[in-house]
Protein chains: 2
Amino acid sequence: MPKTDKARRYGEGREALLAAVVHVVADKGLRGLTYRAVAERAGVNNTLIAHHFGSRDALLEAAMQWASERSIQLSDLSATEEVDEDFARALVDMVASDPDLQLFQFEMIFESRRRPELRPAVLKLYNSYIGSLENALMRRGYTSPASLARAIFAALDGLVIQQLTVADPESIYAAVVRVGELLASQPHFEHAEPAGPATRIQS
Amino acid sequence: MPKTDKARRYGEGREALLAAVVHVVADKGLRGLTYRAVAERAGVNNTLIAHHFGSRDALLEAAMQWASERSIQLSDLSATEEVDEDFARALVDMVASDPDLQLFQFEMIFESRRRPELRPAVLKLYNSYIGSLENALMRRGYTSPASLARAIFAALDGLVIQQLTVADPESIYAAVVRVGELLASQPHFEHAEPAGPATRIQS
DNA sequence: TCATCAACTATGCATTTGCTTAGTTGTATT
DNA sequence: AATACAACTAAGCAAATGCATAGTTGATGA
């Protein structure tokens, strides 16, 4: 039996369709993103998509907007004070408990290469992640936080992909912890110090 | 005008089709992977695909095999002695000069979630990358090289994705260099020492 | 030189797709 | 209660797709 959300109430169709897009893309890919598949998953008639969004492309764009708005998750995580065991556990748990949102976003990142209208949302997402991480690193006194933030984010991003596709959660957990250790071994303040000089750790 | 490789010689069709798959997937996605698109790109009749491979699924599987065999690239790079400026430049140049192979592989990694027959090849690729990196780290005396190799590979993987989608090559270059610095700051031997004790750098 | 077989092409078709058109139903406003 | 309009459904169609069938062409070995 296919997963369908039934018993929708009047007026909830649009939102249900957007949520359905994320799940359909996550488990059938963009090739499986059809009016009928999305509608079935949302529990509505397929022509409702054309009514609300006009075209498949517009549906995808709307879904990207919608998903990125509710994708505070990693952004919150990145703004955390440090990449420690708690962070690692939270990240691994997040991916394990809601892989579809991550999968959808990765699909959209690659799709944005071919669909210019998706680029703004994708860029905003990435920049918000990397930017908040960069701020956190700067507050903690790391040197040249821009390239460091990019590198650390890339590592976390890459580990999420590995967890989604080829590796078991515990290996990923260990690797995330290792990323935290790499960070800790770089020169930085002992605690976040918004202003003024502070103790700098040398390693 | 569409990119078509014309003037094929008798007997080269199969190989041309496999190469075409990589390019088609890279610039139109898996949704754009149709018999007609691939055949046009390869400069052959679309029914030749059914002749050689039988089905679209089998074509994709064959292309994955084919591509991973000729994807010695990152593996070679990972086995390099250290992640320095030369390595960073080589990585960035590789992605810039041949993005299609990388894009194809990323698409396949995600596709392997839904197509079990692709998993062996994907796992083999990842394990060969991470494994050779782990060996290189072990030779250089890094502690717990398994999680470190996974983390470093994830960082490089993530940076490749960023270069392919959202960031300019020079930002990526800087971040790759930073990854090298993170590695250098970890305790390890000064030079690769296959056996026996050696000078251990403390940071 | 000719037989054989693989590589290759031409035609065609059932299915799936995006989306249009024409309608129905629910809700909010007066 | 009547109006009006948005949310929603039913039916259907032109185009694209995967692939089957039937044939043609080129290389190769006897």
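Naming: A, B, ... by sequence-line order, numbering from 1 per chain.
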Task: Distance, rounded to the nearest Å, where B:Arg56 contributes CZ and C:dT15 contributes C1' - done: 15 Å

TODO: Would you kindly give the NE2-to-P distance between A:His51 and C:dA22, to the nearest whole Å?
DONE: 17 Å

TODO: Take the protein atom NZ of A:Lys28 and the nucleotide atom P of C:dT16, then report the distance between them rounded to whole Å.
DONE: 12 Å

Open item on the list: On DNA chain D, does the nearest nucleotide to B:Arg36 precede the nearest nucleotide to A:Tyr10 from the 5' side, or the other way round? Give the residue.
Closed with: A:Tyr10

Task: Residue closer to the 5' end of DNA chain C, B:Asn45 versus A:Leu33 (nearest nucleotide) - done: B:Asn45

TODO: Grab the two heavy atoms, one from B:Gln102 and one from B:Met94, that are nearest each other, plus how far apart they are.
DONE: NE2-CE, 3.3 Å

Open item on the list: Of the listed nucleotides (C:dG18, D:dA20, D:dC19), which one gets closest to any side-chain atom of B:Thr47?
Closed with: D:dA20

Task: A:His52 side chain, from C-beta outward: closest of D:dC8, C:dA7, D:dA11 - done: D:dC8

TODO: Using only heavy-atom distances, determine whether the side chains of A:Ser55 and A:Asp57 contain a donor-acceptor pair under 3.5 Å.
DONE: no

Open item on the list: On a heavy-atom basis, which atom in A:Tyr142 and which in A:Pro187 lie closest, and how many Å separate them?
Closed with: CD2-O, 3.6 Å

- [ ] Report yes if some heavy atom in the side chain of A:Trp66 is under 4.5 Å from a heavy atom in the side chain of A:Leu17; otherwise report no.
- [x] no

- [ ] In whole angstrom, give the distance that lies between atom CZ of A:Arg9 and atom P of D:dC8.
- [x] 12 Å

Open item on the list: With a 4.0 Å cutoff (strictly under), does any side-chain N or O of B:Arg31 reach OP1 or OP2 of C:dG18?
Closed with: yes

Task: Separation of D:dT17 P from B:Leu59 CG (nearest whole Å) - done: 15 Å

Open item on the list: Which heavy atom of A:Thr165 sits nearest to which heavy atom of B:Arg119, and what is that distance?
Closed with: O-NH1, 2.9 Å

Open item on the list: I want to verify a distance call: between C:dC19, D:dT9, C:dA7, whose nearest atom is closest to the A:Asn46 side chain?
Closed with: C:dC19

Open item on the list: Need one value for B:Leu17: base, sugar-phosphate or nothing, where a base atom within 4.0 Å counts as base even if backbone is also close, heavy atoms only.
Closed with: nothing

- [ ] Could you state the atom-to-atom distance from CD of B:Glu40 to P of D:dT17 in whole Å?
- [x] 11 Å

TODO: Select base, sugar-phosphate, or nothing to describe what A:Thr34 touches, counting heavy atoms under 4.0 Å on all strands.
DONE: sugar-phosphate

TODO: Please report, rounded to the nearest Å, how far the C1' atom of D:dC8 is from the CZ atom of A:Phe53.
DONE: 13 Å

Task: Length of the CD-P vector between B:Glu12 and C:dT9, whole Å - done: 13 Å

